[in-house]
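Structure, as structure tokens:
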Amino acid sequence: MPKGSDLLVAALVNEGVERIFGVPGEENLDVLESLRNSKIELVLTRHEQGAAFMAATYGRLTGKPGVCMTTLGPGALNLTTGAAYALLGAMPMIMITGQKGIMNSRQAGFQIVDIVSAFKPLTKMSRQIVSTATIPTLVRDAFRIAAEERPGPVLLELPEDVAGEQAEPVAMVPQHPIEIPVAHRASLDRAAEMILAAKRPLIMLGAAASRPRSTAGIGGFVGRTRIPFFNTQMGKGTVPGGSNLYMGTAALSERDYVHEAVDRADLIIAIGHDTVEKPPFIMGPKGPQVIHVSYMPANVEQVYFPQCEVVGDVGPSLDLLADRVEGRLHNAGALLSLRDGILSRIGDRNKEDRWPATPQRIVHDVRQVIPEDGIIALDNGMYKIWFARNYRTYVANTVLLDNALATMGAGLPSAMMASILYPERRVMAVCGDGGFMMNSQEMETAVRLKLNLVILILEDSAYGMIRWKQAVDNFADFGLTFGNPDFVKYAESYGAKGSRVTRCGDLIPTLEAAFKGGGVHLVVAPIDYSENKKVLVDELRAKVKPLEEPPK
Ligand SMILES: Cc1ncc(C[n+]2csc(CCOP(=O)(O)OP(=O)(O)O)c2C)c(N)n1
Ligand SMILES: [Mg+2]
């Protein structure tokens, strides 16, 4: 007779689960034993947060829920940041947590936290499994809910007595394909009319444009309409192959060079925009009209209130929209004349030989060693703005960054997940010295899994992004600097390799050698953040003036 844990694992196999990330506790021992007898791989991590970031990134990259597992109380609570990361970032994920037995109470209140309630605001669904008979249906439901639009995390709590209980065999619920409906004809007609009437149209690609299912249709739409596009930070790369219609990435909300085009547009076709992202532009009473094209209706926000919505499966809906306007657009390229000016100023001084290297130079050099399909996974810090703004992309999901929860500590685990999924591609984590240290213990996991991974640490001995904001807001320089371990020795102590860059021209050869050498290789490079205020504040304020009135 199967146990509850056997049914759980059989239900996970039924969902096609290949691995589970986590840190088990004694309440998971039945599940662990059932996993031992299954074909699912257990990937042990050194902190539950690492497990959750990896599982969420699996969901982000495949569209199928990633699975992580922890014990009750303290272990489960360590999943909270990962849950929020998946919830805000719309990444499908299943969290399985243990709990004391519910049929008796031999340990009184020891380690018991109401995890199901604690995770309610952090998940799409949070449920306790109370009987073995319901395991197949609950697991099927959990996977459906996690994966359907808008994707996100689900928590299932399995008490240890339900896990260990002998159960009647229960049939699994088979999966079946489900198609997402295509947008309504009336909304397509309305959107087409607005696009045909526009004098200066612009496309914006947002976070949901990066869903694995989205990108084919997007490339087709951009190619058929020839309307220039920009993207949000999480919408990078969603026009396959890049394009001479790319106008830039909105890493700031206003007054960056790309906003010269945004401010002049009279219509923005926002594809897949999710307002969890820091606003890529600010809508006002006089600004452009906005058509929202996405899987879900728009959230109305102070800064985003589209006048038209095309809601449905993005790729097929865009095909239908392109059918209505293709060959009839006379103003499609109206804003294209701004492109060279925007892109050349963004790339300004990116070959400068200063030491420590400037962010522009670092972004430029990283791009040289990463092939088009190579993946960089960014942690959160000042350099994220520079990478978002300056790093050109040609393939969707080749810049994994979090512009939703924007948590520190996810860079390394998300890079590890990318490296597991795409062993043939170059994968690099880019971290600040602050964010890296928040989950640096996962280097042991990466070494144990024999991953090929380069970790670039940009060292300023500070929480640089906050220090920048402090300076911009005219506060005194206080409370944001720290010391670092010797990162090279630190890497070596994990059995990884380590290198320090000591001259500007050495970054490219050091990274190149790190990739060629294989294994886990940490490269630390000092960064000169004096450019932050100079370029992102002073220069932009002087050079990019918002328009008083939008052009007629
Ligand atoms: C978990 C978490 N804590 C705090 C913050 C706020 N925060 C955002 S960026 C940042 C500094 C990042 O420092 P570092 O990783 O060294 O990158 P740098 O900006 O110095 O390049 C902080 C503290 C955050 N986003 N996430
Ligand atoms: Mg730093």
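Since this is a predicted model, take the numbers as computed values, not measurements. Computed from heavy atoms alone, side chains included, the values below leave out hydrogens, waters and symmetry copies. In each ligand, atom 1 is the first atom listed, and ligand 1 is the first ligand listed.
- The residue from Arg389, Arg392, Lys236 that alone fulfils the side-chain hydrogen bond (donor to acceptor under 3.5 Å, both in side chains) condition with Thr249 is Lys236.
- On a distance-only criterion, Phe436 and ligand 1 share no N/O pair closer than 3.5 Å.
- Electrostatic pairing of Glu149 and Arg211 counts as a salt bridge here, judged by a charged N lying under 4.0 Å from a carboxylate O.
- Restricting Asp433 to its N, O or S atoms, the one at the least distance from the Mg ion (ligand 2) is OD1.
- Taking every heavy atom of Gly435 and a limit of under 4.0 angstrom, the matching atoms of ligand 1 come to 14 (P), 15 (O).
- In this structure, Arg255 has no side-chain hydrogen bond (donor to acceptor under 3.5 Å, both in side chains) partners at least two apart in sequence or on a different chain.
- One N or O on the side chain of Arg367 and one on the backbone of Ile370 form a donor-acceptor pair closer than 3.5 Å.
- Taking every non-hydrogen atom of Tyr383 and a distance limit under 4.0 Å, the qualifying atoms of ligand 1 come out as 17 (O), 21 (O).
- Here Ala462 has backbone heavy atoms under 4.0 Å from ligand 1, and that is the only part of it that gets that close.
- In the vicinity of Asp460, heavy-atom distances shorter than 4.0 Å reach the ligand 1 atoms 20 (O).
- Here the protein heavy atom with the shortest distance to atom 8 (C) of ligand 1 is Ile466 CD1, 3.8 Å.
- Within ligand 1, counting atoms from 1 as listed, the ones closer than 4.0 Å to a heavy atom of Gly434 are 14 (P), 15 (O), 16 (O).
- Tyr494 and Ser440 form no side-chain donor-acceptor contact under 3.5 Å, judged by distance and modelled atom types alone.
- Heavy-atom distances between Leu458 and ligand 1 stay at or above 4.0 Å for every pair.
- With 2.8 Å as the limit, Ala462 counts as an N, O or S neighbour of the Mg ion (ligand 2).
- When non-hydrogen atoms are compared, ligand 1 lies under 4.0 Å from the side chain of Tyr529 (C-beta onward) but not from its backbone.
- No hydrogens or angles considered: nothing links the side chains of Thr358 and Glu531 as a donor-acceptor pair under 3.5 Å.
- Nearest N, O or S atom of Asp460 to the Mg ion (ligand 2): atom OD1.
- Scanning Met408, Glu459, Met438, Met437 for the heavy atom closest to atom 12 (C) of ligand 1 points to Met408.
- The closest donor-acceptor contact from the side chain of Asn452 to the backbone of Gly518 lies at 3.5 Å or more, if one exists at all.
- At a 4.0 Å heavy-atom cut-off, ligand 1 touches Asp433 through backbone and side chain alike.
- Between Tyr391 and Phe387, the angle of the ring planes lies from 30° to 60°, which puts this pair in the tilted group.
- Contact analysis puts Ala406 in contact with ligand 1, with a non-hydrogen atom separation below 4.0 angstrom.
- If you check the side chains of Thr232 and His273, you find no donor sitting under 3.5 Å from an acceptor.
- The protein heavy-atom contact nearest to atom 9 (S) of ligand 1 is Met465 CB, 3.7 Å.
- Listed by number with element, the atoms of ligand 1 under 4.0 Å from a non-hydrogen atom of Gly464 are 13 (O), 18 (P), 19 (O), 20 (O).
- Thr62 contributes a side-chain N or O that, together with a main-chain N or O of Lys64, makes up a donor-acceptor pair within less than 3.5 Å.
- Contact annotation: Asp379 has no heavy atom less than 4.0 Å from any atom of ligand 1.
- Counted by atom type alone, Glu48 and Thr70 present zero donor-acceptor pairs between their side chains at under 3.5 Å.
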